[in-house]
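Notes to accompany the following structure.
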Amino acid sequence: MHRPLMIADILTYAAEAYPKGRIVSARTEGDIHEQTYPQTLARVSQLAHALAGLDIQPGDRVATLAWNGYRHFELYYAISGSGAVCHTINPRLSPEQLVYIVNHAADRLLFVDTTFVPLIAAIADKLPRDLRFVVMTDRAHMPDTGLPGVLCYEELLDGQPESYDWPEMDENTAAGLCYTSGTTGNPKGTLYSHRSTVLHALTTGMLHPGTFHEGSRVLPVVPLFHVNAWGIPYSAPMFGVDIVFPGGRLDGDSLFDLLEREKVVSAWGVPTVWLGLLATIKARGRLPEGFQEMIVGGSAPARSMIEAFEDMGVTVCHAWGMTEMSPVGTHGNLPIWARDLPRDKKIDLKVRQGRRLYGVDLKIVDDEGRRLPHDGKAAGELYVRGNAVATGYFNDPAASAKALDREGWFGTGDIATIDPDGFLTIQDRSKDLIKSGGEWISSIDLENAAMAAPGIAACAVIAVPHPKWDERPLLVAVPEEGATPDLAEVHKLMEGHFAKWQLPDDMVLVESLPLTATGKVSKLTLRKMFEDYTLPDLR
Ligand code: ADP
């Protein structure tokens with residue numbers, strides 16, 4: 001039979017199959033909230049009735065601007081389940097980008113956490129006239145918003161029936177919408193369908209049998225407001241895993257306390273978040289009880305960070321992906337032949353971006369689009385194909401026309417190698433590579449090496465213009481408290497792994513690194529900051 005793959009079926013299944021499965025949330029109201037999957041389904045049904053009452057039609061975009069919590073999760077299912085499109089908005093975008101996105105998506109309703117009400121109030125006059133606002137709290141906590149006709153989330157649910165007749169749709173119906181951060185030009189919207197979402201949840205959920213099963217607990221630090229928290233809201237209920245949502249407190253101490261209190265087994269997030277947790281773990285001299293596994297991706301984690309967690313007994317799984325891939329494309333689980341390798345050889349593999357997921361194909365090509373061998377040496381632009389990969393962008397014909405190559409593969413903009421065992425190594429974003437005298441230098445490799453130097457807490461390597469070499473690498477580093485890292489020492493550490501001409505020409509110390517809306521180091525901002533910088537040999 002051909003049965004359509006529907007998002008609502010994930011939750012109705014979880015409520016039946018895992019009646020004790022729970023969603024635990026650190027709430028914006030300040031306390032910890034818990035509900036089971038059946039209770040969640042009842043509330044999601046109430047919400048779906050409320051959306052119908054607000055005249056939300058199939059295909060309408062309904063936006064969310066919220067932290068990781070149960071109400072945000074409920075919106076995912078109620079909006080998509082009833083046939084509308086759940087448009088998650090990243091609150092770290094600039095006000096101009098927020099205005100652009102809400103207008104471009106033509107959102108009809110916007111659900112907002114109390115924390116982000118001021119963000120919306122400040123731009124409300126530039127948003128579509130007929131857009132309505134719902135604050136995601138109860139009456140007692142409703143802030144004074146100044147927004148016209150504002151509604152209260154819990155009041156919308158009150159008194160609605162606790163079951164809903166979920167419509168069966170074409171599985172290719174749009175279910176979710178997420179805009180890329182748009183470091184160049186306007187943000188671009190990626191649409192996810194019911195089918196792509198369900199398949200992505202299946203393929204990512206089955207990757208971690210040791211931690212992804214009934215009774216286990218996962219904590220997504222990765223936000224629901226960007227690329228669906230790597231699919232956890234769908235994969236966790238499908239596999240019976242409890243979800244622990246951290247709300248807005250993502251500092252090391254708060255995460256440590258929540259991980260321990262809720263006995264979380266597996267936590268997922270970008271490298272910057274784990275640096276904070278690592279500092280707390282070091283300060284307290286121990287791991288949160290029960291914590292076993294960390295999934296890290298979104299940008300390249302430093303080798304030193306992977307080593308630190310692994311040496312404490314946390315399994316680190318490095319993943320790579322992008323918004324247009326729903327987002328996970330590869331995973332860092334070690335193949336069976338690698339499990340007994342010496343520790344350093346294992347770390348060598350874990351630093352790489354991992355192997356492809358079932359359903360994702362990878363190819364690397366040269367400048368003319370010719371395929372390069374998967375020999376671990378040839379580097380080229382990475383293209384992908386798969387059930388959860390986008391074919392273009394929402395209402396953006398110009399960007400869509402450039403998305404796919406002649407063979408219908410999606411261009412990632414990453415430069416990579418793939419070795420004969422299938423391990424992908426991302427060398428750089430093509431725009432972040434440093435081109436010196438016609439040769440490429442990988443900023444990721446240099447950063448990895450620099451992070452091992454004493455006294456460096458965080459760093460980034462960027463290209464700065466050079467009249468003779470075109471570009472030269474500059475190391476921008478954040479020193480550890482009280483430390484004064486030294487370039488000569490960094491060079492000494494790097495010398496074994498790099499040719500002399502590849503080493504950074506200089507090191508500049510800064511207090512912090514600028515981050516993008518998704519918590520990655522913004523190399524674009526850094527390049528602007530150091531536009532007028534003169535390298536030592538040119539002074
Ligand atoms: P944004 O969050 O900026 O909107 P994406 O999340 O889609 O965009 O970012 C995708 C890009 O992030 C990839 O193309 C790649 O360059 C980078 N990236 C993601 N994961 C990794 C990783 N594990 N290692 C290195 N780079 C990564």
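When reading the values below, keep in mind they use all heavy atoms of this one structure, side chains included, and skip hydrogens, waters and symmetry mates. In listed order, ligands and their atoms are each counted from 1. Throughout, numbering of the chain's residues begins at 1 and tracks the sequence.
Polar contact check, A319 against ligand 1: a nitrogen or oxygen pair lies under 3.5 Å apart. Geometrically, ligand 1 and T180 share no nitrogen or oxygen pair separated by less than 3.5 Å. In terms of N/O distances under 3.5 Å, ligand 1 is not approached by Y179. Considering backbone and side-chain N/O atoms, H226 comes within less than 3.5 Å of an N/O atom of ligand 1. Of the polar atoms of M322, none of the N or O atoms is found under 3.5 Å from an N or O of ligand 1, judged by distance alone.
Proximity of a side-chain donor or acceptor of S216 to a complementary backbone N or O of T211 within less than 3.5 Å is detected.
Summarising the local packing, CG of D367 is surrounded by 12 or fewer heavy atoms from other residues, nucleotides or ligands at distances under 6.0 Å.
Contact analysis puts S299 in contact with ligand 1, with a non-hydrogen atom separation below 4.0 angstrom. The shortest separation from a heavy atom of D414 to ligand 1 is under 4.0 Å, placing the residue in contact. Contact between G413 and ligand 1 is absent, with no heavy atom of the residue lying under 4.0 Å from the ligand.
Using the six-membered ring where Trp is involved, W67 and F116 have ring planes that are tilted, between 30° and 60° apart. Using bins of under 30°, 30° to 60° and over 60° for the plane-to-plane angle, the ring pair F73/Y77 lands in the tilted bin.
Counted by atom type alone, H200 and Y192 present zero donor-acceptor pairs between their side chains at under 3.5 Å. Using modelled atom types and a 3.5 Å distance limit, the side chains of W268 and S266 yield a donor-acceptor pair.
Short contacts between ligand 1 and T518, defined as distances under 4.0 Å to a heavy atom of the residue, involve ligand atoms 1 (P), 2 (O), 3 (O). Close contacts between ligand 1 and A300 involve ligand atoms 22 (C), 24 (N), 25 (C), 26 (N) [criterion: under 4.0 Å to a heavy atom]. Under a 4.0 Å criterion applied to the non-hydrogen atoms of H318, ligand 1 contributes the atoms 22 (C), 23 (N), 24 (N).
With sequence neighbours left out, the ring-ring contact (aromatic ring centres under 6.0 Å, His included) criterion links F256 to no other residue.
Among K520, E324, M325, the residue whose heavy atom lies nearest to atom 12 (O) of ligand 1 is K520.
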For residues 329-336, dump all side-chain donor-acceptor pairs below 3.5 Å to protein atoms at least two apart in sequence or in another chain.
{"residue": "T330", "atom": "OG1", "partner": "W320", "partner atom": "N", "Å": "3.1"}
{"residue": "T330", "atom": "OG1", "partner": "Q353", "partner atom": "O", "Å": "2.5"}
{"residue": "H331", "atom": "ND1", "partner": "N333", "partner atom": "N", "Å": "3.1"}
{"residue": "N333", "atom": "ND2", "partner": "L207", "partner atom": "O", "Å": "2.7"}

